[in-house]
Amino acid sequence: MKALIMLAKAAIGFVWFILILNIFMPFPGTAAIALYIMTAFLFCMHGLQMLIFIGAFGDKIEMSSWEKWSILIFGIFALLDIRRKHMM
């Protein structure tokens, strides 16, 4: 399970790399616009996950600041890793 979570985190990291690369060196045509929309959507969804999780469990489990920010970057895969580490 740990290996699959790490593989998924690597995939999400690659997606973030492409999305950030698009901000600094836009892809040609309408691909850039689609990637801008995907960047905003991914950032909002992961930010919402982070706020909900910290609001629900922030006082119940001791998390490092990296674990809190990793939810913003990796989303559900960071949550699965935190669950495996703290709640099992």
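Along the sequence shown, residues are numbered consecutively beginning with 1.
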Taking the side chain as C-beta and beyond, is there a heavy-atom pair between [X] and [Y] under 4.5 Å?
X: I18; Y: F27; result: yes
X: F77; Y: S70; result: no
X: I82; Y: F53; result: yes
X: F74; Y: Q49; result: no
X: L72; Y: F43; result: yes
X: L35; Y: I23; result: no
X: W16; Y: L42; result: yes

Of all heavy-atom pairs between [X] and [Y], which one has the smallest distance, and what is that distance?
X: I71; Y: H46; result: O-CB, 3.9 Å
X: I12; Y: I73; result: CG2-O, 3.4 Å
X: E62; Y: H86; result: O-CE1, 3.0 Å

Donor-acceptor pair, side chain of S64 and main chain of E67, under 3.5 angstrom: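 Between the backbone of E67 and the side chain of S64 there is a qualifying donor-acceptor contact (under 3.5 Å).
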
Find the distance between [atom1] ([X]) and [atom2] ([Y]) and round it off to the nearest 0.5 Å.
X: R83; Y: I76; atom1: CZ; atom2: CD1; value: 9.0 Å
X: F17; Y: F14; atom1: CZ; atom2: CZ; value: 7.5 Å
X: I5; Y: L79; atom1: CD1; atom2: CG; value: 10.5 Å

More than 12 heavy atoms from other groups under 6.0 Å of OH on Y36: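 Count over threshold, so yes.
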
Assigning hydrophobic clusters by single linkage (Ile, Leu, Val, Met, Phe, Trp, Tyr; side-chain heavy-atom cutoff under 4.5 Å), is [X] placed with [Y]?
X: I54; Y: L51; result: no
X: W69; Y: I61; result: yes
X: L21; Y: I33; result: no

Note: K2-D81 ion pair, threshold 4.0 Å (strictly below):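 A salt bridge is absent here (no side-chain N lies under 4.0 Å from a carboxylate O).
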
